[in-house]
Amino acid sequence: MGALPKSGFQALTRASREFSGRMINIAKGIISGLAASAAVAGAVFLAAAVDLMNVADPMQAVSGVTMTPVGLSWVLHFGFGTFICGALFALLSPFLPGPFWIKGAVFGALAWLLIIASIPAVDHVATPQINLGSILLHLLFGAVAGLIYGNLVEESRRPRSRA
């Protein structure tokens, strides 16, 4: 019987599976989710700095739903985007159409639709805020996650030269 992995990340790396000729790698999905979460955070801060946000800060809205301070909402944003959405993107990418950045944009759009549909179930008083900023942030998340994940997967497929 083989030895157990030394860390959870090693276990995730070994969780790579071949699915209909395409690689699914949860660890690379998590890395792409972290990068995409950082891109969304940067876009939110940039939009707030140049006064482009015509609605409340999304993290302020999350803190209202979860009854947590805004700082903890950012932690939840990064945790959910990194571990849940990143891993889910890795699992779903073989089923999504197009190159990886398109797969990511489709994933982001589907995530936005799921959130809009689930708001009434979470908070019966709140109405979903359907605005361009929310859609664009989810599309940005997806496109960045797809681009990073695609590059990581393609890099692992390239033969390594012995130089």
Side-chain angles (χ1 to χ4, degrees), residues 9 12 16 19 22-157:
F9 189 75
L12 286 174
S16 297
F19 181 79
R22 297 182 184 176
M23 185 65 77
I24 296 174
N25 190 308
I26 302 297
K28 291 177 181 174
I30 289 172
I31 292 167
S32 68
L34 176 63
S37 295
V40 168
V44 167
F45 282 119
L46 182 63
V50 296
D51 203 26
L52 281 178
M53 299 181 84
N54 57 354
V55 295
D57 178 6
M59 290 306 114
Q60 192 73 29
V62 169
S63 69
V65 172
T66 59
M67 303 296 195
T68 59
V70 176
L72 184 56
S73 295
W74 277 108
V75 171
L76 292 173
H77 160 75
F78 271 94
F80 187 78
T82 300
F83 296 104
I84 304 299
C85 292
L88 192 57
F89 177 73
L91 290 171
L92 294 177
S93 66
F95 303 103
L96 298 171
F100 278 103
W101 73 272
I102 294 287
K103 290 174 186 281
V106 169
F107 178 81
L110 292 173
W112 178 81
L113 284 171
L114 180 64
I115 289 169
I116 292 300
S118 65
I119 286 175
V122 174
D123 187 355
H124 301 288
V125 179
T127 57
Q129 291 186 357
I130 299 174
N131 60 55
L132 184 61
S134 176
I135 296 167
L136 290 176
L137 288 173
H138 284 85
L139 290 174
L140 173 67
F141 177 91
V144 169
L147 190 63
I148 300 293
Y149 181 75
N151 284 334
L152 290 172
V153 167
E154 292 301 321
E155 180 182 305
S156 66
R157 289 182 182 169

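Position 1 is the first residue of the sequence; numbering continues from there.
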>> Taking side chain to side chain contact (heavy atoms under 4.5 Å, CB included) as the definition, give me every residue that meets it alongside I84, ordered by chain and number, with sequence neighbours left out.
In response: F80
>> List the residues meeting side chain to side chain contact (heavy atoms under 4.5 Å, CB included) with P99, not counting sequence neighbours, and say none if there are none.
In response: W101, I102
>> For S32 versus A145, what's the shortest heavy-atom pair and its separation?
In response: CB-O, 3.3 Å
> Can you name the side chain to side chain contact (heavy atoms under 4.5 Å, CB included) partners of L91, sequence neighbours left out?
Replying inline: I24, I26
> Taking side chain as C-beta onward, heavy atoms only, is F100 less than 4.5 Å from L147?
Replying inline: no
>> Between I31 and L152, is there a side-chain heavy-atom distance shorter than 4.5 Å?
In response: yes
> Parallel, tilted or perpendicular for W74 and F78, by the 30°/60° rule?
Replying inline: tilted
> Looking at residues at least two apart in the chain, or sitting in another chain, which of them share a side chain to side chain contact (heavy atoms under 4.5 Å, CB included) with I115?
Replying inline: I119, H138
Would you mind writing out the side-chain donor-acceptor pairs for residues 37-49 within the sub-3.5 Å range, not counting sequence neighbours?
| unit_1 | atom_1 | unit_2 | atom_2 | d |
| --- | --- | --- | --- | --- |
| S37 | OG | G33 | O | 2.9 |

> Is there a side-chain contact between L96 and L110, using heavy atoms and a 4.5 Å cut-off?
Replying inline: yes
> Going by the salt bridge (charged side-chain N to carboxylate O under 4.0 Å, His left out) test, which pairs reach into residues 129-155, not counting sequence neighbours?
Replying inline: E154-R157
>> Holding to ring pair (Phe, Tyr, Trp, His ring centres under 6.0 Å), I want the full list of residues that pass it with F141, two or more places apart in sequence or in another chain.
In response: none
>> Any side-chain to backbone donor/acceptor pair from Y149 onto G86? Under 3.5 Å, distance only.
In response: no
> Counting heavy atoms not belonging to F83, are there more than 12 under 6.0 Å from its CZ?
Replying inline: no
>> So, using side-chain hydrogen bond (donor to acceptor under 3.5 Å, both in side chains) as the criterion, who are the partners of W112 when residues are at least two apart?
In response: S134
>> If we ignore hydrogens and angles and just use 3.5 Å, is the side chain of K103 paired with the main-chain N or O of S93 as donor and acceptor?
In response: yes
> How far apart are the closest heavy atoms of A117 and P120, and which atoms are they?
Replying inline: O-CD, 3.5 Å
> Atom SG of C85 and atom CG of L34: how far apart are they, to the nearest 0.5 Å?
Replying inline: 12.5 Å
